[in-house]
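Each remark here refers to the structure printed beneath this line.
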Amino acid sequence: MRSLLSFVVLSLGLLALSEPIVSPYSVHERRTHVPSGWTLSRRHDASATLPLRFALTQRNIDDIETFLMEVSHPKSENYGKHWSAGDVLKTFAPSDETIDAVRSWLLESGIEDERISVTPNKGWIEVSATLEEAERLLQTEYNVYSHTTGKEHVACDSYQLPAHITPHVDFVTPTVHFDAKISRRSGTEPARTIGQPGSSGPKTTGRFDGVIASDLSTCNEYITLDCLRTLYSLDYTPVATDKNSYGIGNVTVEYTPEAYLQTDINMFAMNFSEGLYGVAPYMVSIDGGYAQTEYTGFDYNGESDLDLQYGMGLVTPAQQVTLYQVGDMVEGASFNNFLDALDGSYCTFEGGDDYTQDAEYPDPYGGGYEGPEACGTATPTYVISTSYSYNEADLTPFYTARQCAEYAKLGLMGVTVLYSSGDYGVAGNDALCLNANGTQTTDGIMFNPSFPGTCPYITSVGATMIAPNSTVYEPETACEEVIYSGGGFSNYFAMPDYQKEAVEYYLATYPPDYPADIWNSTGMSRAFPDISANGANYVVAVDGEFELVYGTSCSSPVSGAIFTMINDARLAAGKSTIGFINPTIYSTDFSGLFNDITTGDNPGCGTDGFNATPGWDPVTGLGTPNFTKLVAAWLALD
Ligand SMILES: *[C@@H]1O[C@H](CO)[C@@H](O)[C@H](O)[C@H]1NC(C)=O
Ligand SMILES: *[C@@H]1O[C@H](CO)[C@@H](O)[C@H](O)[C@H]1NC(C)=O
Ligand SMILES: *[C@@H]1O[C@H](CO)[C@@H](O)[C@H](O)[C@H]1NC(C)=O
Ligand SMILES: *[C@@H]1O[C@H](CO)[C@@H](O)[C@H](O)[C@H]1NC(C)=O
Ligand SMILES: *[C@@H]1O[C@H](CO)[C@@H](O)[C@H](O)[C@H]1NC(C)=O
Ligand SMILES: CC(=O)N[C@H]1CO[C@H](CO)[C@@H](O)[C@@H]1O
């Protein structure tokens with residue numbers, strides 16, 4: 001024992017005196033393009049200090065899909081045996097070996113111990129490095145880029161890590177992460193985050209003055225709760241509302257400044273759901289989120305009013321709905337800020353996750369939320385529906401991969417995560433398409449998939465509509481009114497096994513007639529959406545008037561309500577929640593339980609997009625839910 005110890009001490013002593021371990025460097029991340037509007041301005045100042053943050057590789061993360069399938073695949077013995085938050089934390093926290101490897105490398109490279117800090121959750125290591133140190137550690141060169149607006153940003157084109165460090169680090173910031181959000185986030189101006197007016201929310205055709213028939217004969221022009229109940233065979237009164245203390249019926253996430261108005265819920269209630277009058281969602285405030293009333297208008301209230309009126313209406317007033325309201329008025333928030341609140345192990349330092357990308361709290365911009373960033377303070381509910389999205393290309397592969405793994409963790413815990421698939425067909429938000437050099441413009445010609453829609457561990461929801469002059473009793477068609485259902489093939493994520501058969505059938509039977517350089521035709525990438533629901537002509541009370549609203553923003557909360565009712569039935573029967581549903585809904589036992597949508601398409605990027613076809617398709621997924629069939633099939637599972 002003794003001699004071994006002194007040997008260790010001796011070798012450490014030698015190490016400190018000798019040259020660092022020689023290990024060949026290799027490129028860790030490289031950026032393909034400088035985003036539009038930015039130009040290389042100059043070398044970064046030699047006197048600058050960089051807050052280098054190393055995102056440490058999580059333990060067992062390569063097995064996350066296996067773990068998730070184990071509890072989510074209907075044929076698995078452990079179906080429904082979801083994990084506790086503690087199990088998740090224990091399984092994935094970076095190992096001591098990882099922390100030691102990165103720390104030793106930094107020490108050997110001449111960084112003093114007191115400058116190296118590890119976050120309490122062990123997820124990150126931070127070092128305040130001089131420019132010379134950062135460039136030497138990462139074998140790179142930092143430059144300053146200027147935006148047409150005069151703003152500046154520091155970035156490098158690529159960076160390297162020594163071979164023995166590579167397996168321990170997901171990514172390093174600040175480096176190549178230089179995307180759309182960053183361009184809105186420099187100098188003193190806060191990030192333009194999701195939920196901000198002008199970002200892609202639902203669309204409205206404005207005030208609506210039509211007359212809604214008391215039977216269902218006007219559903220093709222005006223969607224109401226009754227139209228949806230009939231379309232999706234949803235005739236159910238929840239019974240497990242008190243039996244289960246937490247989670248069910250908790251369906252919505254909103255990002256400040258988007259906010260609902262109780263007066264609008266009440267107005268909606270008077271016409272369509274009497275019992276909803278005066279009922280408020282249970283609000284969980286994250287990072288200073290609150291239902292702001294300073295700003296009104298469709299851009300501020302449309303999304304939240306829609307989500308809550310339909311989400312709350314469909315689960316009935318008997319079932320409480322939780323509203324996660326994320327972010328303050330100054331900075332807003334990102335999905336990562338929300339995930340931090342649900343999972344303390346995901347948080348980084350005192351501030352956001354990637355300070356170039358996510359909101360930081362306490363808000364450094366003044367006049368905002370001064371409390372600490374929410375970190376593991378909120379409990380995830382059983383169904384979480386979000387009607388906001390990025391374009392995949394707004395973000396880097398490492399950033400999306402890390403966030404996507406978080407959704408898998410929620411799935412492990414029995415949570416169903418739904419995201420709207422986007423409203424621009426095969427184009428991205430705001431009709432942006434990709435160029436070969438990686439930039440996004442409205443005249444780009446390459447399809448531009450949406451994120452988190454392309455994350456294989458969430459359920460992506462597209463949009464349908466009742467065809468003109470059709471009734472609720474006829475099959476719907478892909479939404480082609482005001483918006484087009486987002487759908488297509490990821491450029492970042494590989495195809496998960498659960499959808500292989502369905503997607504391969506589509507590709508073989510209805511091969512899209514587009515050149516391989518405008519879409520990911522490899523047949524090996526994650527295809528979306530997974531399902532769909534009506535997204536046109538919703539009658540929504542917004543700022544004291546009824547408006548007609550369109551978007552996959554409608555489809556996601558409606559699907560969330562349906563899955564919440566299925567959870568209710570299972571919980572009442574003493575079973576688990578349905579959790580991550582994709583392996584189940586694509587399985588043969590569930591074939592035919594969704595209403596197959598076979599007409600319509602999702603144009604974008606100067607094309608007609610893809611076609612809805614028999615079976616799964618990249619416009620409407622497996623189709624729209626039939627609650628009656630689905631609840632029976634899910635009750636038949638353990
Ligand atoms: C709501 O109810 C009022 C009062 O009955 C009626 O005048 C109005 O047309 C209704 N609006 C809608 C959109 O149904
Ligand atoms: C990228 O390609 C587009 C379309 O070809 C072009 O308009 C744009 O100037 C290019 N941008 C950069 C930064 O190269
Ligand atoms: C729907 O019906 C109206 C009136 O009957 C007619 O003018 C219109 O052409 C029809 N639209 C379609 C798509 O059939
Ligand atoms: C297509 O998708 C696969 C898997 O997601 C990915 O590896 C590949 O790079 C993508 N191709 C392009 C051109 O983006
Ligand atoms: C939904 O399923 C029920 C029960 O099988 C069936 O009666 C109903 O017709 C289905 N609805 C649709 C739209 O297919
Ligand atoms: C009805 C219900 O289950 N509500 C729960 C929603 O989630 C919050 C936690 O975020 C619980 O406190 C509520 O009881």
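What's counted below: heavy atoms across the whole structure, side chains too, no hydrogens, waters or symmetry copies. Both counts, for ligands and for their atoms, begin at 1 and track the order of listing.
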Under 3.5 Å: N/O of Thr628 near N/O of ligand 5
no
Does Tyr222 come within less than 4.0 angstrom of ligand 1, counting non-hydrogen atoms of the residue?
no
How about atom 14 (O) of ligand 1: does it have a protein heavy atom within less than 4.0 Å?
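Protein heavy atom within 4.0 Å of atom 14 (O) of ligand 1: present.
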Considering all protein heavy atoms, does one lie under 4.0 Å from atom 9 (O) of ligand 5?
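Looking at atom 9 (O) of ligand 5, one finds that no protein heavy atom lies closer than 4.0 Å.
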[X] neighbourhood, listing ligand 5 atoms whose heavy-atom distance to it stays under 4.0 Å:
{"X": "Ser233", "answer": "1 (C)"}
{"X": "Lys629", "answer": "2 (O), 5 (O)"}
{"X": "Asn595", "answer": "12 (C), 13 (C), 14 (O)"}

Can you tell which part of Phe272 has a heavy atom less than 4.0 Å from ligand 1: side chain, backbone, both or neither?
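Side chain only; the backbone of Phe272 stays clear of ligand 1.
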Select one of side chain, backbone, both or neither to describe which atoms of Tyr492 lie under 4.0 Å from any atom of ligand 4, heavy atoms only.
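Within the 4.0 Å criterion, Tyr492 contacts ligand 4 through backbone atoms alone.
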Give a yes or no on whether a salt bridge exists between Asp157 and Arg30, defined as a side-chain N under 4.0 angstrom from a carboxylate O.
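No.
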Does a salt bridge link Glu547 with Arg207, judged by any charged N lying under 4.0 Å from a carboxylate O?
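Salt bridge: no.
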Tell me whether the count of non-hydrogen atoms from other residues, nucleotides or ligands lying under 6.0 Å of [atom1] in [X] goes above 12.
{"X": "Glu504", "atom1": "CD", "result": "yes"}
{"X": "Asp235", "atom1": "CG", "result": "no"}
{"X": "Asp638", "atom1": "CG", "result": "no"}
{"X": "Asp443", "atom1": "CG", "result": "yes"}

Please report which non-hydrogen protein atom sits nearest to [atom], along with the residue it belongs to and the distance in Å to one decimal place.
{"atom": "atom 6 (C) of ligand 4", "value": "Asn491 O, 3.7 Å"}
{"atom": "atom 2 (O) of ligand 5", "value": "Asn626 ND2, 2.4 Å"}
{"atom": "atom 3 (C) of ligand 1", "value": "Asn271 ND2, 3.6 Å"}
{"atom": "atom 12 (C) of ligand 4", "value": "Asn520 ND2, 3.5 Å"}
{"atom": "atom 4 (C) of ligand 4", "value": "Ser525 CB, 3.7 Å"}
{"atom": "atom 5 (O) of ligand 4", "value": "Phe493 O, 2.9 Å"}

Just so I know, are the side chains of Met69 and Thr66 near enough to count as touching, which here means a heavy-atom distance under 4.5 Å?
no
If I compare all heavy atoms of Thr454 with all of Glu392, which pair ends up nearest, and what's the gap?
OG1-OE2, 2.7 Å
Taking all non-hydrogen atoms of both residues, which atom of Tyr424 and which atom of Asn429 are closest, and how far apart?
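Closest approach of Tyr424 to Asn429: CD1-CA, 3.8 Å.
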State the atoms of ligand 1, each with its element, that fall below the 4.0 Å cut-off from a heavy-atom position in Ile212.
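Heavy-atom distances to Ile212 below 4.0 Å select 13 (C), 14 (O).
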Give the numbers and elements of all ligand 1 atoms closer than 4.0 Å to a heavy atom of Phe208.
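By the 4.0 Å cutoff, the relevant atoms are 13 (C).
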In terms of the angle between their ring planes, are Phe489 and Trp616 parallel, tilted or perpendicular, with boundaries placed at 30° and 60°?
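Perpendicular: the ring planes of Phe489 and Trp616 meet at over 60°.
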Between Asn582 and Thr584 (side chain of the first, backbone of the second, donor and acceptor by atom type, cut-off under 3.5 Å), is there such a pair?
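The answer is no, because no donor-acceptor pair under 3.5 Å joins these two groups.
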